[in-house]
K.L.:
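Handing you a structure now.
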Amino acid sequence: MDDAIPQGFPNATRPGEEREIVQSVLRALDVLRSFDRQTPRQTLSQVAERTGLSRATARRFLLTFTHAGYMEQDGGRFRPTAKLLELGHSAVASLGLWDLARPVMADLSARLGEAAFAAVLDGQDALYVAHAPSPGRVVAVGIAVGRRLPAYCTSVGRVLLAGLPDAALAQAMAALKPTAFTANTVTSKARLREIVDQVRRDGYAIVDEELEVGLRSVSVPLRAPGGAVLAALNVCGPSSRVTAEALHSRFLPEILQAADRINRSLRD
């Protein structure tokens, strides 16, 4: 069984190419794929059973992932770490996501008259990776590509946290050291977890002057064809121009529509 190509991978090779396949890589991917929302922690025996690998082979893969920092051992159980997100960031780039997203973001910004951004999760931070400036605005939001902001108090960050598997989210929440940026900043870990769970249910996040007085924002997820959250799409603006009511009634429908356009482009 260990020498067979795992069943989770359909035969996508042309005749004669099978000899080029590195079967150990396919088996390693099967080990990673065995961890999901229903089984975020597994014993060695569980991994072996779910993947069809021998215990010895499964153990070697798990110990290798642990050595590289992609897994950690919690007693007799293994679980993925947030470091796996680094691979996700590479996948985002290779999908050409931003080539697809930029024209949609530019259209979104023009329709709403406010800047549009996209961000990915990088450790405890939301890392801004794309920007469509607001046309003709004298007062602009002071966020640029490459800037990092705490995930817990930004709408992009909360969307990205909500997209994590349960084990990775628990790890991220445990590592948080929230501090107040404004009087509105939520710093209770219990309350933040409630908010992230609500974002999971709603499919969007709104933050009202938690990062900066006078700044409101709304964000939604950008998803891979399989449903995993790749990034967050965001529109934000000064509270002098963007009311809390407008975020719900006008901005949210527009940004959801823009995200759907980008997500459909990724599936096509």
Side-chain angles (χ1 to χ4, degrees), residues 70 81-135 137 140-165 168-169 172 175-176 181 196 199-200 203-207 210-212 215-237 251-252 254-268:
Y70 296 114
T81 70
K83 188 177 180 181
L84 275 172
L85 294 172
E86 295 175 2
L87 303 181
H89 295 168
S90 298
V92 168
S94 68
L95 283 170
L97 172 59
W98 309 126
D99 291 337
L100 297 171
R102 284 190 185 95
V104 179
M105 291 172 62
D107 180 63
L108 177 65
S109 177
R111 291 171 69 88
L112 292 175
E114 299 295 344
F117 298 89
V120 297
L121 192 63
D122 192 7
Q124 297 291 306
D125 296 331
L127 173 63
Y128 288 80
V129 293
H131 173 216
S134 53
R137 289 296 190 188
V141 174
I143 299 174
V145 171
R147 187 173 180 186
R148 297 171 182 272
L149 292 172
Y152 69 87
C153 61
T154 56
S155 62
V156 285
R158 289 176 180 175
V159 164
L160 295 166
L161 289 171
L164 292 175
L169 175 57
L176 280 182
F181 286 84
V196 170
V199 171
R200 279 182 169 180
Y204 67 88
I206 287 178
V207 167
E210 290 193 48
L211 175 70
E212 181 181 329
L215 180 66
R216 293 188 173 113
S217 70
V218 58
S219 297
V220 297
L222 297 177
R223 298 182 181 275
V229 174
L230 294 173
L233 180 64
N234 164 265
V235 176
C236 57
F251 281 54
L252 181 57
E254 290 280 1
I255 196 172
L256 285 170
Q257 185 179 61
D260 184 61
R261 287 172 60 190
I262 297 169
N263 293 340
R264 282 189 283 109
S265 296
L266 287 172
R267 292 195 298 268
D268 293 343

K.L.:
Heavy-atom distance under 4.5 Å between the side chains of C153 and L211, does that happen here?
P.N.:
yes
K.L.:
Tell me, with the steps shown, if R200 and L169 meet side chain to side chain contact (heavy atoms under 4.5 Å, CB included).
P.N.:
CA-CA 12 Å; R200 279 182 169 180; L169 175 57; 3.5 Å; yes
K.L.:
Does any non-hydrogen side-chain atom of S217 lie less than 4.5 Å from one of F117?
P.N.:
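No - every pair of side-chain heavy atoms lies 4.5 Å or more apart.
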K.L.:
How long is the gap from CZ on F251 to CZ on R216, to the nearest 0.5 Å?
P.N.:
10.5 Å
K.L.:
Just by modelled atom types, is the P133 backbone N or O under 3.5 Å from a matching donor or acceptor in the S109 side chain?
P.N.:
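Checked: pair present.
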K.L.:
Show me, pair by pair, the donor-acceptor contacts under 3.5 angstrom made by side chains of residues 156-164, not counting sequence neighbours?
P.N.:
{"unit_1": "R158", "atom_1": "NE", "unit_2": "Y152", "atom_2": "O", "d": "2.7"}
{"unit_1": "R158", "atom_1": "NH1", "unit_2": "E210", "atom_2": "OE2", "d": "3.1"}
{"unit_1": "R158", "atom_1": "NH2", "unit_2": "Y152", "atom_2": "O", "d": "3.0"}
{"unit_1": "R158", "atom_1": "NH2", "unit_2": "E210", "atom_2": "OE1", "d": "2.7"}
{"unit_1": "R158", "atom_1": "NH2", "unit_2": "E210", "atom_2": "OE2", "d": "3.4"}

K.L.:
Looking only at non-hydrogen atoms, find the nearest pair between C236 and E114 and report the distance.
P.N.:
O-CB, 3.5 Å
K.L.:
I want to check something: taking the side chain as every heavy atom from C-beta on, are L108 and L233 in contact at a cut-off of under 4.5 Å?
P.N.:
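They are in contact (side-chain heavy atoms under 4.5 Å apart), so the answer is yes.
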K.L.:
Please name the pair of heavy atoms, one in A175 and one in Q124, separated by the smallest distance, quoted to 0.1 Å.
P.N.:
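Result for this residue pair: CB-NE2, 3.6 Å.
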K.L.:
Out of curiosity, Y128 OH to L149 CG, how far, rounded to the nearest 0.5 Å?
P.N.:
5.0 Å
K.L.:
Is there a side chain to side chain contact (heavy atoms under 4.5 Å, CB included) between D107 and R261 once you walk through the steps?
P.N.:
CA-CA 11 Å; D107 180 63; R261 287 172 60 190; 3.2 Å; yes
K.L.:
How long is the span from the CG atom in L230 to the CG atom in L222, to the nearest 0.5 Å?
P.N.:
7.5 Å
K.L.:
Heavy atoms only: give me the nearest P221-A259 pair and the separation to one decimal.
P.N.:
O-CB, 3.9 Å
K.L.:
For a quick test of reading the model, state the closest non-hydrogen atom pair linking N263 to R223 and the distance between them.
P.N.:
OD1-N, 2.9 Å
K.L.:
Return the minimal non-hydrogen interatomic distance between G203 and L256, and the atom names on each side.
P.N.:
O-CD2, 4.3 Å
K.L.:
If you look at every heavy atom in A126 and T154, which pair is closest and at what distance?
P.N.:
CB-OG1, 4.2 Å
K.L.:
How far does CG of D260 sit from CD1 of I255, to the nearest 0.5 angstrom?
P.N.:
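One gets 12.5 Å once the value is rounded to the nearest 0.5 Å.
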